[in-house]
Amino acid sequence: MLLASHAQQRGPWVVVAAHPDDETIGASWAMQQARELVVVYLTDGAPLEAKYRARGFAGPRGAYAALRHGEALAALGMLRPRSLQTVWL
């Protein structure tokens with residue numbers, strides 16, 4: 001398989017995600033093949049309007065962003081790459 005053969009190459013894999021969970025839903029199998037992984041998030045995943053946040057979450061936007069950050073790191077940790085770097089824009 002093409003993706004598995006690329007995993008043996010040197011250098012990190014870079015995954016760009018619009019917001020947390022896009023990388024997990026869309027590329028988790030491929031990311032498991034990577035030895036070194038860099039995930040770049042374009043947003044913090046916290047909608048400006050509270051009505052678009054998870055049902056039952058009543059805290060401020062910053063707290064929701066922190067929650068999404070923690071969820072993303074927990075999900076990425078399950079992949080167990082040798083090296084993991086996250087960049088939040």
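- When hydrophobic clusters are built by joining Ile, Leu, Val, Met, Phe, Trp and Tyr residues whose side-chain heavy atoms come closer than 4.5 Å, directly or via intermediates, V38 is grouped together with V16.
- Among residue pairs with one or both ends in residues 15-25, those qualifying as side-chain hydrogen bond (donor to acceptor under 3.5 Å, both in side chains) are D21-R68, E23-Y41; sequence neighbours excluded.
- Interatomic distance, M31 CE to W13 CH2, rounded to the nearest 0.5 Å: 10.0 Å.
- Inter-residue side-chain proximity for V14 and V40 is flagged as met; some heavy-atom pair is nearer than 4.5 Å.
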Run the side-chain donor-acceptor check on residues 57-64: report pairs under 3.5 Å with partners two or more places apart or on a different chain.
residue: R61; atom: NE; partner: A46; partner atom: O; Å: 3.1
residue: R61; atom: NH1; partner: D44; partner atom: OD2; Å: 3.2
residue: R61; atom: NH2; partner: D44; partner atom: OD1; Å: 3.0
residue: R61; atom: NH2; partner: D44; partner atom: OD2; Å: 3.1
residue: R61; atom: NH2; partner: A46; partner atom: O; Å: 3.0
residue: Y64; atom: OH; partner: A54; partner atom: N; Å: 3.2

Name each donor-acceptor pair under 3.5 Å that joins a side chain in residues 73-89 to protein atoms two or more places apart or in another chain, with its distance.
residue: T86; atom: OG1; partner: W88; partner atom: NE1; Å: 3.4

